[in-house]
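Okay, so here's the structure we're looking at.
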There are 2 protein chains.
Amino acid sequence: MNSSGRNPHAHQRQELGALTSRLRREARKITGPRAAILEILRHHPHPLTNKEIFAQLPAGECDLVTIYRAMRMLEQVGMVKRFDFGDGVARFELIEEGDDGHHHHLICTHCAEVVEIRECFPVEIEARIAQAYGFSAVTHRLEFFGLCPGCQK
Amino acid sequence: MNSSGRNPHAHQRQELGALTSRLRREARKITGPRAAILEILRHHPHPLTNKEIFAQLPAGECDLVTIYRAMRMLEQVGMVKRFDFGDGVARFELIEEGDDGHHHHLICTHCAEVVEIRECFPVEIEARIAQAYGFSAVTHRLEFFGLCPGCQK
DNA sequence: AATCTATTGCAAACGATTTGCATTTAAAAA
DNA sequence: TTTTTAAATGCAAATCGTTTGCAATAGATT
């Protein structure tokens, strides 16, 4: 049982080379800003906002707008997953090749700590819902909120 | 088995009088705009955006800003529940006295039709998550997306 | 090395939501 | 009922996240 298993949530860091070749395969250019952004995402197991990425970047590495554009592109080619914590700010997480990145989070409403939740429950439920209402291609968006151990009292 | 049961999703329309007295109890003034807004919400079983409410209002009844302020206030006193369908626009639904309004929706990604989902599944799951990670006061936000019967092909 | 086109930076536009402030008005007091 | 008082409104302007236009730059291909 080694650590290179296929648990999509093991968060083994993807190699930068693997990431760039993935980009190349999509006929996208590997630019300085993009490499830097991927490098940051690679080291963060939790969803990051565009601003947070921007802040991590060496000063002047690239414009905030470029990050917005890069994230949209990375989402399009399926390299990152966009999450919505309901605060009006998009967050992104790098996902593994082949994975669709579907999972959930538990967010502390006080300190904003984020826990990645491995299990995805409502999958069985989706089928039930889909057929109950005649919908197809049903997916869901689910996030949990609460007080983390450190913030309780 | 009459229709005035206590199923919180039966959507029996709340009386305007009951609504205003609820407001009065909270030491809020019953104004023209507020009565008009409540009147609209009363007749809509699905979440409405501020703009949608504005559009329903008799022309010149009140400013859009007033609606924003009213909805925030109504949310504070627990008379409406705010929903987030992930498109960057807040939606509101009137909730019954005593109810916390917690429920979910199934939204057609093509025509935006909204189905109210009565059952709330992850309640049992919340407990599991809460204790697994030591969080307290855990809640969740869950919405389903898919293609409604009419939009499939 | 030359070419071609995607990508970037910067400024400006956008859409949802909030805020400041002077004016109006519902509700409490007289 | 009139007076008083604080809350609510309208309007303009500000804010915040995100997108877009455009000319300049720079990967990738030849």
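Within every chain, numbering begins at 1; the chains are lettered A, B, ... in the order of the sequence lines, protein sequences first and strands thereafter. We use all heavy atoms of the structure for the numbers below, so side chains are in, but hydrogens, waters and symmetry mates are not.
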query = Touch check for A:Val89, heavy atoms < 4.0 angstrom, all strands: base, sugar-phosphate only, or nothing?
reply = sugar-phosphate
ask   = Contact class for B:Arg69 (heavy atom, under 4.0 Å): base, sugar-phosphate, or nothing?
value = base
Starting at atom [atom1] of [X], determine the distance to atom [atom2] of [N], rounded to an integer number of angstrom.
X       : N      : atom1 : atom2 : value
B:Leu64 : D:dC11 : CG    : P     : 12 Å
A:Leu23 : C:dT7  : CG    : C1'   : 13 Å
A:Phe54 : D:dC16 : CZ    : C1'   : 15 Å
B:Arg34 : C:dT25 : CZ    : C1'   : 12 Å
A:Ile53 : D:dG17 : CD1   : P     : 14 Å
B:Ile30 : D:dT9  : CD1   : C1'   : 15 Å
A:Tyr68 : D:dT18 : OH    : P     : 4 Å
B:Asp87 : C:dC14 : CG    : C1'   : 16 Å

inquiry  = Check this one for me: any side-chain N or O of B:Thr31 less than 4.0 Å away from OP1 or OP2 of D:dT9?
reply    = yes
query = Just to confirm, is there a sub-4.0 Å distance from OP1 or OP2 of C:dT5 to any side-chain nitrogen or oxygen of A:Lys29?
reply = no
remark   = Between A:Arg24 and A:Ala90, whichever has its closest DNA chain D nucleotide further toward 5' is A:Ala90
key: DNA chain D: 5'-proximal contact among B:Val65 and B:Arg28 (nearest heavy atom)   = B:Arg28
inquiry  = Quick one, B:Glu39 and B:Leu16 - any side-chain contact, counting heavy atoms below 4.5 Å?
reply    = yes
message = Within the structure provided, determine whether A:Leu41 and A:Glu93 are in side-chain contact (heavy-atom separation under 4.5 Å).
response = no
task = Please answer: with hydrophobic residues joined when any side-chain heavy atoms are less than 4.5 Å apart, are A:Phe92 and A:Ile95 in the same cluster?
result = no
request  = Could you verify whether a donor N or O on one side chain and an acceptor N or O on the other, from A:His105 and A:Glu143, lie under 3.5 Å apart?
outcome  = yes
Donor-acceptor pair, side chain of A:Gln152 and main chain of B:Gly134, under 3.5 angstrom = yes
message = Of the listed nucleotides (D:dA8, C:dA16, C:dT18), which one gets closest to any side-chain atom of B:Arg72?
response = C:dT18
key: Selection from C:dA16, C:dG9, C:dT7 that lies nearest to any side-chain heavy atom of A:Thr66   = C:dG9
remark   = 5'-most contact on DNA chain C (nearest-nucleotide basis), A:Asp63 vs B:Arg82, goes to A:Asp63
